Amino acid sequence: MSSAADTAARLSAATSGLPAPVAVVDLDVFDTNALDILKRADGVPVRVASKSVRVRSLVERALGHGFAGTMAYSLREALWLVGEGMRDVLVGYPTVDREALADLAADPVARAQVTLMVDDVAHLGLVADAVEAAGADGAPGAGGTPVQVCLDVDCSLRVGVGPLTAHLGVRRSPLREPGEVAALATVAQAKGLAVRGLMFYEAQVAGLPDTSPAVRVVKRLTMREVNDRRVRILTAVRDAVGHDVELVNAGGTGSIEVSGSAPGVTEVTSGSGLFAPGLFDGYRSFESRPAAFFGLDVVREPAPGWVTAFSGGYAASGQAGKARLPRLFTPGYTLSGTEGAGEVQTPLRARRPDGGMLRTGDRVWLRHAKAGEMMERFDQVHLVRGTEVVETVPTYRGEHKNFG
């Protein structure tokens with residue numbers, strides 16, 4: 001792999017005629033990452049997570065490499081993607097967007113290609129109301145395609161007893177035990193909805209770097225517990241609806257191997273691994289190859305050993321802290337401890353006492369802490385091979401799409 005200095009120089013050469021701030025994706029690395037993800041899955045289908053890309057042409061590029069289906073983060077986004085020709089779109093999060101549900105219920109193509117995520121009777125009520133309002137064409141009993149749903153199951157690790165129980169993982173679904181999941185599946189079927197699948201996202205396995213011994217223990221305990229519970233849930237749901245579900249989704253970029261080989265799993269999801277953002281630097285289970293960068297221009301030199309770049313304050317979502325700030329990719333400098341990456345200026349301090357090599361007019365490269373969130377800052381992204389921009393494509397924002 002090229003050194004950071006060589007890559008930074010190559011990106012600067014490729015974008016020398018473009019104004020900053022500028023977003024780029026290294027296509028050679030993107031393609032390598034895509035193929036590596038598929039290799040790690042070892043034949044298990046991989047669904048591409050659109051929220052970690054937010055560039056339609058790059059989602060399509062992943063699908064072209066062999067990814068199977070898309071996980072959207074919004075129903076409106078899913079409807080748009082299906083309208084643009086994508087197929088088999090699983091919405092990763094529940095929705096209460098009545099207008100979007102009405103659009104789904106009224107569109108037979110969308111009903112066939114979109115699967116909604118649910119974890120509450122209230123979600124099912126909203127979907128059923130939309131189907132009823134759509135009339136005969138939207139009603140399964142009248143020969144229409146039923147709306148498909150996937151039940152989201154909590155995969156947090158619970159350690160302790162009663163009020164002393166520690167919750168390790170994200171706060172997602174209220175569904176946890178086989179009886180709870182089966183009961184909701186029964187209600188869904190009674191309302192004329194098709195129970196297509198189940199989702200088991202082990203966030204504390206997929207989304208945490210594995211450099212800490214404590215984290216590795218949590219991951220092992222999680223997979224042991226979830227694997228056992230998943231088998232029991234699948235049996236309970238089959239008994240409730242009268243058939244095996246066709247879709248059992250699990251994992252993310254950080255857990256492809258363990259999730260893909262787990263009992264009952266039919267597919268895994270990955271998206272961030274295509275870009276390999278800053279938060280992925282701590283993983284030991286796979287090689288993180290950065291593919292997405294943003295470039296800023298140095299606009300002044302306020303003191304010896306310091307330069308200031310324009311813009312750059314693209315902090316990531318999540319718990320505020322240093323980990324959510326952009327990672328400086330151009331070597332030899334660090335972010336200021338007091339200013340960090342700023343709204344209109346980002347001061348950089350040379351690591352060596354005698355100063356660095358950046359001067360006014362030079363380009364400095366950074367990486368976002370997360371993956372697709374970076375693309376919300378740019379209307380377009382430049383696709384680079386070597387020292388050339390081979391294509392410039394719109395982001396979701398560049399296509400005037402904002403899904404939250």
Side-chain angles (χ1 to χ4, degrees), residues 25-73 77-78 81 86-93 115 117 150 152 155 169-170 172 197-210 219 222-223 226 247-262 265-292 316 367-375:
V25 167
D26 188 320
L27 280 185
D28 289 325
V29 180
F30 180 96
D31 292 345
T32 297
N33 288 342
L35 296 176
D36 184 60
I37 288 167
L38 295 173
K39 181 179 179 181
R40 290 173 56 204
D42 194 25
V44 176
V46 182
R47 188 177 292 273
V48 59
S50 65
K51 80 174 183 64
S52 299
V53 182
R54 305 193 199 202
V55 180
R56 185 161 56 88
S57 69
L58 291 179
V59 173
E60 292 170 342
R61 189 178 190 90
L63 293 170
H65 279 302
F67 282 61
T70 302
M71 178 179 285
Y73 61 97
E77 177 203 14
L81 293 176
M86 290 192 193
R87 295 296 178 259
D88 188 10
V89 182
L90 172 64
V91 183
Y93 306 87
T115 302
M117 193 66 62
C150 178
D152 195 359
C155 290
V170 298
R172 283 180 75 100
L198 301 170
M199 179 175 175
F200 297 83
Y201 177 52
E202 327 91 326
Q204 67 275 23
V205 180
L208 288 178
D210 47 13
K219 291 187 177 191
T222 295
M223 292 309 301
V226 170
L247 183 158
V248 182
N249 182 281
T253 297
S255 66
I256 290 174
E257 293 87 350
V258 293
S259 296
S261 61
V265 171
T266 66
E267 64 175 41
V268 294
T269 300
S270 180
S272 295
L274 296 167
F275 286 171
L279 285 174
F280 276 44
D281 290 349
Y283 283 91
R284 305 194 315 172
S285 57
F286 63 94
E287 183 179 359
S288 181
R289 308 175 188 86
R367 298 161 57 215
H368 203 278
K370 298 185 80 172
E373 286 186 20
M374 171 182 133
M375 298 305 174

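A quick note: this is a predicted structure, and the numbers were derived from the prediction, not measured. Throughout, residue positions are numbered sequentially from 1 according to the sequence presented.
In terms of the side chain to side chain contact (heavy atoms under 4.5 Å, CB included) criterion, residue partners of Lys51 (sequence neighbours excluded) are, by chain and number, Arg54, Tyr73, Tyr93. In this structure, Asp36 has no side-chain hydrogen bond (donor to acceptor under 3.5 Å, both in side chains) partners at least two apart in sequence or on a different chain. Residues meeting the side chain to side chain contact (heavy atoms under 4.5 Å, CB included) test with Ala62, sequence neighbours left out: Val48, Phe67, Leu274. In this view, Thr70 satisfies the side-chain hydrogen bond (donor to acceptor under 3.5 Å, both in side chains) rule with no residue, not counting sequence neighbours. Residues passing the side chain to side chain contact (heavy atoms under 4.5 Å, CB included) test with Thr115 are Leu90, Gln148, Cys150, Arg196, sequence neighbours excluded.
Between the side chain of Asp88 and the backbone N or O of Ala68 there is no donor-acceptor pair closer than 3.5 Å. Under the 3.5 Å distance criterion, the side-chain polar atoms of Arg40 are matched with a main-chain donor or acceptor of Thr253. At least one donor-acceptor pair closer than 3.5 Å links the side chain of Thr266 to the backbone N or O of Val248.
No side-chain donor-acceptor contact under 3.5 Å links Ser261 and Asp42.
The shortest side-chain heavy-atom distance between Val91 and Glu77 does not fall under the 4.5 Å cut-off. A 4.5 Å side-chain heavy-atom check between Val59 and Met86 finds at least one atom pair inside the cut-off. Side-chain contact between Val258 and Glu202 is absent, with no heavy atoms from C-beta onward closer than 4.5 Å. Annotation: side chain of Met374 is not in contact with side chain of Pro277 (no heavy-atom distance under 4.5 Å). Looking at heavy atoms from C-beta onward, Leu81 lies in side-chain contact with Arg56 at the 4.5 angstrom threshold. Between Met199 and Met71, the closest side-chain pair of non-hydrogen atoms falls below 4.5 Å.
Listed by first and then second residue, the salt bridge (Lys or Arg N to Asp or Glu O under 4.0 Å) pairs involving residues 266-278 are Arg47-Glu267 (not counting sequence neighbours).
Rounding to the nearest 0.5 angstrom, the gap separating the NE2 atom in His368 from the OG atom in Ser272 is 11.5 Å.
Ring geometry, Phe286 versus Phe280: the interplanar angle exceeds 60°, so the pair is classed perpendicular (tilted spans 30 to 60°).
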